[in-house]
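So the structure is just underneath, and the comments pick up after that.
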Amino acid sequence: QVQLVESGGGLVQAGGSLRLSCAASGRTFSRYAMGWFRQAPGKEREFITVIRWSDGNTYYAASVKGRFSISRDNAKNTVYLQMNSLKPDDTAVYYCAARVSVGVSITPDNYAYWGQGTQVTVSS
């Protein structure tokens, strides 16, 4: 059973930084892709970024490119989301997700496993 546990959310002022973590367990993730999504109140779940566990290949949404960075630590089975230059529009619940495929995807339905989410609030 795959388990994903996010941590690192919180309240930060505009322009600040946060680093989210996603601890993964229950599988060997070498053939998985790991994504980060977010969902603000009243909005659909939005793709942010994805990393292919095997080779570290990444892809970012235009809204976060240059500000956010995804990485993984193979030894710890953990994926990170470094968020810099945060804006109030970045306020949302952030979710980590695992896709049972080496192919990257921006579609939430293509991810089989999800964490519980962590709240990020950016004040102006």
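Quick caveat, the model's predicted, so the values are computed rather than measured.
The distance from atom OG1 of Thr118 to atom CG of Leu20, rounded to the nearest 0.5 Å, is 6.0 Å. From Ser21, atom OG reaches atom NZ of Lys76 across 9.0 Å, with rounding to the nearest 0.5 Å. Distance CZ/Arg67 to CD1/Ile48: 9.5 Å, rounded to 0.5 Å.
Contact of the Leu81 side chain with the Tyr94 side chain is registered, since non-hydrogen atoms from C-beta on lie closer than 4.5 Å. With contacts defined as side-chain heavy-atom distances shorter than 4.5 Å, the pair Ser54/Tyr32 does not qualify. For the pair Thr91/Val120, no side-chain contact is recorded, criterion being any heavy-atom separation below 4.5 Å from C-beta on. Side-chain atoms of Met34 and Arg99, non-hydrogen and from C-beta on, never get closer than 4.5 Å to each other. Inter-residue side-chain proximity for Tyr95 and Arg38 is flagged as unmet; no heavy-atom pair is nearer than 4.5 Å. Between Val2 and Leu4, the closest side-chain pair of non-hydrogen atoms falls below 4.5 Å. For the pair Leu86 and Leu18, the minimum side-chain heavy-atom distance is below 4.5 Å. Contact check for Pro108 versus Gln39: no side-chain heavy atoms found under the 4.5 Å cut-off.
With hydrophobic clusters built from ILVMFWY side chains whose heavy atoms lie under 4.5 angstrom apart, Ile106 does not share a cluster with Val64. Hydrophobic clustering of Ile, Leu, Val, Met, Phe, Trp and Tyr side chains at less than 4.5 Å, counting indirect connections, unites Val122 with Trp36. A single hydrophobic cluster is not seen to contain both Trp114 and Val79; linkage of ILVMFWY side chains at heavy-atom distances under 4.5 Å, directly or through other members, places them apart.
Under the 3.5 Å distance criterion, the side-chain polar atoms of Arg72 are matched with a main-chain donor or acceptor of Trp53. The backbone N or O of Thr107 sits less than 3.5 Å from a side-chain atom of Ser105, completing a donor-acceptor pair.
Of all heavy-atom pairs between Gly117 and Glu6, the closest is N-OE1, 2.9 Å. In terms of heavy-atom proximity, Ala92 sits nearest to Ala40 at CB-N, 3.8 Å. In this structure, Ala112 and Val100 approach most closely via the heavy-atom pair CB-CG2, 4.4 Å. Nearest approach of Ala14 to Pro88, heavy atoms of both residues: CB-CD, 4.1 Å. Ser63 and Glu46 make their closest contact through OG-OE2, 3.5 Å (heavy atoms, listed as atom of the first residue, atom of the second, distance). Among all heavy-atom pairs drawn from Ser17 and Ser85, the shortest one is OG-N, 4.4 Å.
Using cut-offs of 30° and 60° on the angle between ring planes, the pair Tyr111 and Phe37 is perpendicular.
For the residue pair Asp73 and Thr78, no side-chain donor N or O sits within less than 3.5 Å of a side-chain acceptor on the partner.
Summarising the local packing, OH of Tyr113 is surrounded by more than 12 heavy atoms from other residues, nucleotides or ligands at distances under 6.0 Å.
Checked against Ile70 for a side-chain contact (heavy atoms from CB on, under 4.5 Å), the options Tyr59, Tyr60, Tyr80 give a single hit: Tyr60.
For Gln3, there are no side-chain hydrogen bond (donor to acceptor under 3.5 Å, both in side chains) partners at least two apart in sequence or on another chain.
Using a cutoff of 4.0 Å between basic side-chain nitrogens and carboxylate oxygens, Lys87 and Asp90 are not scored as salt-bridged.
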